[in-house]
Structure formats: structure tokens, C-alpha cells
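Just follow the structure's listing: the first ligand is 1, and inside any ligand the first atom is 1.
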Amino acid sequence: MLTTRFTELVGCTVPIQQAAMGSLSQPRLAAAVADAGGLGMMAVYGDPPELIARQIDETRRLTEGILGANFILHFVDPGQAQECIAAAAERVRVVEFFYSEPDSKLVQLVHRHRALACWQVGSVAEARAAADAGCDFVIAQGIEAGGHVRGRIGLLPLLDAVLEAVRTPVLAAGGIGSGRALAAVLAAGADGARIGTRFVAANEAEAHPDYVRAIIAAQPEDTVYTEAYSFGWPDAPHRVLRSCVAAAERFAGEIVGETLIRQHGERVPIRRFETLTIDQSTTGTIAAMPHWAGESVGRVTHVQPAADIMREVVDEAERLLQRWSRGEYRSLKP
Ligand SMILES: Cc1cc2nc3c(=O)[nH]c(=O)nc-3n(C[C@H](O)[C@H](O)[C@H](O)COP(=O)(O)O)c2cc1C
């Protein structure tokens, strides 16, 4: 049993938060992770309050586990932000923000609706600002992370400094796809890990099969930190597979395909270098669309249920940590 300040605060049985991942982190994935004892996250930004409520209520019917909602404020209509956040905070245990300066008013709003507030941060200064804003925990995201990346340095030096700087529980994010990596950050003092890329190949994520195949074939060296996919969200560095940037550069034309916006039931065109997650509704030149992937990608080896991913990561971490605590640290294999 890996009990930490995070599991005790949030009520999980496992110190893993599944990262919100755009259209891949819909009810089925969040519910599967929550059922397996982790914190199951839904990306709810971009939706009006009534859709947020419906999506969370739908997920709640699938699981009695612990759920959270993720906001990237760039995609939230400022006129509806308060209502959107309130709709989420009334229904989930954790409301989380990413890619904007920590804001105590938003944290207070979350607390008024009796949810916990957290912020994914990329620097020590941002971690301090999140803690000062009243966040219940923070997530330190290293530059190894897949998708949009706030961190500018490697996870371990960042985690080291953030753990020194704040008293709240701290999760580690970026490049964690195995029990070995989870054990490492727990041993370093983190209260858990946030995992994204590994869940792209979960059955429940319903990612596009071409994207999943590319992720399974890739190694950490095949990822690149870039600002290539900036249409719709400029000035926001991210990590993707190098191959998709090359394919988008080669692509002649402006529209690479189309995708279904599930909540609205309408299909929309996708522009070259546009920010989106490639799910099973997406059609067109998939190879040229953003293949978000962290340096954890080497541990994505096949499609499997989210519960199996959770079990593998946790069992491996537990074995390693027990071995360490018994003083058997000279053994090389878990
Ligand atoms: C496919 C994908 C989509 C992502 N979308 C989001 C998102 O919608 N919101 C968010 O806060 N972070 C998002 N992230 C970043 C994660 O929060 C997290 O920092 C990252 O996945 C951790 O690194 P890892 O991918 O190596 O596990 C995304 C990551 C991936 C791989």
C-alpha cells in the first residue's frame, strides 16, 4: 500500500493522478483510473457549464472513485469562467489549473464549492505562487512531459527545488511511465505521480489507432520539445513525436483533416499545426497532427486497460521500494 499525503488528502488508494488529456480524458478513462484507486481526471475546458455538469455526472455514474476536473484557462470563455469552475467544483474532489499564473480568487472559488484546488506548475516561483494562492497540492512538471509543457528544466532538479519551497503535497509529472520512475519520485519525497503518455494507449482513452501505433513504436529520443503546433494556442511549448512535425512540414495545404467535437456533436476542420488531441473520430492526414508524447513513451508497449497500467506501475514501485527499505539496494532488477 503506497500511502502518501496526496492519497490521504484526496482519498485515493494509489498515488497516481491520470493527466487530463483533452478529448482522450473523457468519462471512460477517468472512471477506469478512479476505479483502480487513482485520481481520474477529465479535461473540461472549452465547454459551457451545463456540458461540464453533464460530463461529470455521466462519469460519476460509471465510478464511485475519486475524480478531478482540469482547466486550461486559455480555452475558457472569460465571461463563463466562474460558472464553469463552480459547475466542476460542485461535482468533483479536485479542480486543477494549468498554464496560467496561480490565482487565489480561483482557488477560493473552488474551495467555496468544497473541492480541493491544485495547479500544475513548471518552476519553483510558480509552485510558491500556487501554494501562496491557497492550493491544496501542486504538481511539478518537468520538461520531459508530453503535451503542453510548463517546465523548463528536468523533473528531478525541479522536484528537488519545489519540495524545498512548499509545504503542500507535491506530485511529480513528466517522463513517468513505469514503477521504477514512480518509486524514484516517491523516494525523492514526492507524494505521487501524474502520468499522461502511458494512458494514451489505454483502451478507455480511445485515441486514434495510428497515433497509438506511433506512440508504441517510439522511444524517448523520438520526442521533441517545440512550439510547432501553435495554431489555436500560441507561445505554449509542447512535446510531441518528431515525426509528426516533419509530416506537417511536408503537408501541402492548410486543412489536414477533421474531428468531432463530441460535446457539440459537430465535425470541424483541423488546420495544419493546430493544437488538438487525435481521437477515434479524427480523420485526414493523421501523421501530420500533433502526436503528444513525453519521454515516458518508451514504456508504452501495447494497448491495455487503464487498470492494468495502474497495477503494473504500482506493483513495480512497491517491489522496488520494499527492496530498498530492506536494504537490498544492490539488486539490479525489480
Ligand atoms: C496526449 C496528452 C494530452 C495532454 N493534455 C493535457 C490537458 O488537456 N491538460 C493538462 O493539464 N495537461 C495535459 N497534458 C500534459 C499532462 O498534464 C502531463 O504534464 C504530462 O502528460 C506528464 O508527462 P508524461 O506524458 O510523460 O506522463 C497532456 C499530455 C498528453 C501526453
If you take the nearest heavy atom of each of Met21, Gln18, Gln17, Glu295, which one is closest to atom 3 (C) of ligand 1?
Met21
Min heavy-atom dist Tyr45 to ligand 1 below 4.0 Å
yes
Supply the atom-to-atom distance Arg326 CZ to Leu321 CG, rounded to the nearest 0.5 angstrom.
11.0 Å
Kindly confirm or rule out an N or O of Thr277 lying under 3.5 angstrom from an N or O of ligand 1.
no
re atom 29 (C) of ligand 1, the protein heavy-atom contact at minimum distance is Gly146 O, 3.3 Å
Quick one: pull up CG in Leu158 and CD in Glu126 and give me the separation to the nearest 0.5 Å.
9.5 Å
Under 3.5 Å side-chain donor-acceptor pair for Gln120 and Arg194:
yes
Side-chain H-bond candidate by donor/acceptor type, His111 with Asp136, under 3.5 Å
yes
Quick check on contacts: which atoms of ligand 1 are under 4.0 angstrom from a heavy atom of Gly175?
23 (O), 24 (P), 26 (O)
Quick check for you: to the nearest 0.5 Å, what is the distance between Gln18 atom CD and Leu67 atom CG?
9.5 Å
Judged by atom type as modelled, is there a donor-acceptor pair below 3.5 Å linking the side chain of Arg242 to the main-chain atoms of Thr223?
yes
Suppose I only count heavy atoms of Gly294 and a 4.0 Å limit; which atoms of ligand 1 are within that range?
26 (O)
What do you reckon, does Trp292 have a nitrogen or oxygen under 3.5 Å from a nitrogen or oxygen of ligand 1?
no
Which residue supplies the protein heavy atom nearest to atom 25 (O) of ligand 1, what is that atom called, and how far is it?
Thr197 OG1, 2.5 Å
Quick one: nearest non-hydrogen protein atom to atom 26 (O) of ligand 1, plus distance?
Ser296 OG, 2.7 Å
Would you mind listing which atoms of ligand 1 come within a distance below 4.0 Å of any non-hydrogen atom of Ile195?
27 (O)
With atom 12 (N) of ligand 1 as the reference point, say which of Gly46, Ala19, Ala20 has the nearest heavy atom.
Ala20
Considering only heavy atoms of Ile72, which atoms of ligand 1 have at least one such atom less than 4.0 Å away?
7 (C), 9 (N)
For Gln141, counting its heavy atoms only, list the atoms of ligand 1 lying under 4.0 Å from any of them.
19 (O)
Is it true that Trp233 and Phe75 have ring centroids separated by less than 6.0 Å?
yes
As an exercise, identify every atom of ligand 1 less than 4.0 angstrom from a heavy atom of Phe98.
10 (C), 11 (O), 12 (N)
Regarding ligand 1, does Tyr211 bring an N or O atom to under 3.5 Å of one of the ligand's N or O atoms?
no
Which residue supplies the protein heavy atom nearest to atom 11 (O) of ligand 1, what is that atom called, and how far is it?
Asn70 ND2, 2.9 Å
Which protein heavy atom lies closest to atom 17 (O) of ligand 1, and at what distance to 0.1 Å?
Arg194 NE, 2.9 Å
Kindly determine whether Ser100 and His74 satisfy side-chain contact (heavy atoms from CB on, under 4.5 Å), including the steps that lead there.
CA-CA 8 Å; Ser100 53; His74 177 78; over 6 Å; no
Please list the nearest protein heavy atom to atom 27 (O) of ligand 1 with its residue and the distance rounded to 0.1 Å.
Gly196 N, 2.8 Å
With only distance considered, is Glu144 within less than 3.5 Å of ligand 1 through an N or O on each side?
no
Which pairs pass salt bridge (charged side-chain N to carboxylate O under 4.0 Å, His left out) with one or both residues in residues 52-69, sequence neighbours excluded?
Asp57-Arg91
Take Arg299 and Arg180 through the side-chain contact (heavy atoms from CB on, under 4.5 Å) test and state the conclusion after the steps.
CA-CA 11 Å; Arg299 286 303 292 252; Arg180 202 177 264 119; 3.9 Å; yes
For ligand 1, does Arg198 get within less than 4.0 Å through its side chain, its backbone, both, or neither, judged by non-hydrogen atoms?
neither
Below a 4.0 angstrom heavy-atom separation, can you tell me which part of Val297, side chain or backbone, both or neither, approaches ligand 1?
neither
Between Gly22 and ligand 1, does any nitrogen or oxygen pair lie at a separation below 3.5 Å?
yes
Any side-chain donor-acceptor pair under 3.5 Å between Ser296 and Arg198?
no
Going by ring pair (Phe, Tyr, Trp, His ring centres under 6.0 Å), His148 matches just one of Trp292, Phe98, Tyr229. Which one?
Trp292
Results of ring pair (Phe, Tyr, Trp, His ring centres under 6.0 Å) for Phe199 - residues two or more places apart only
none
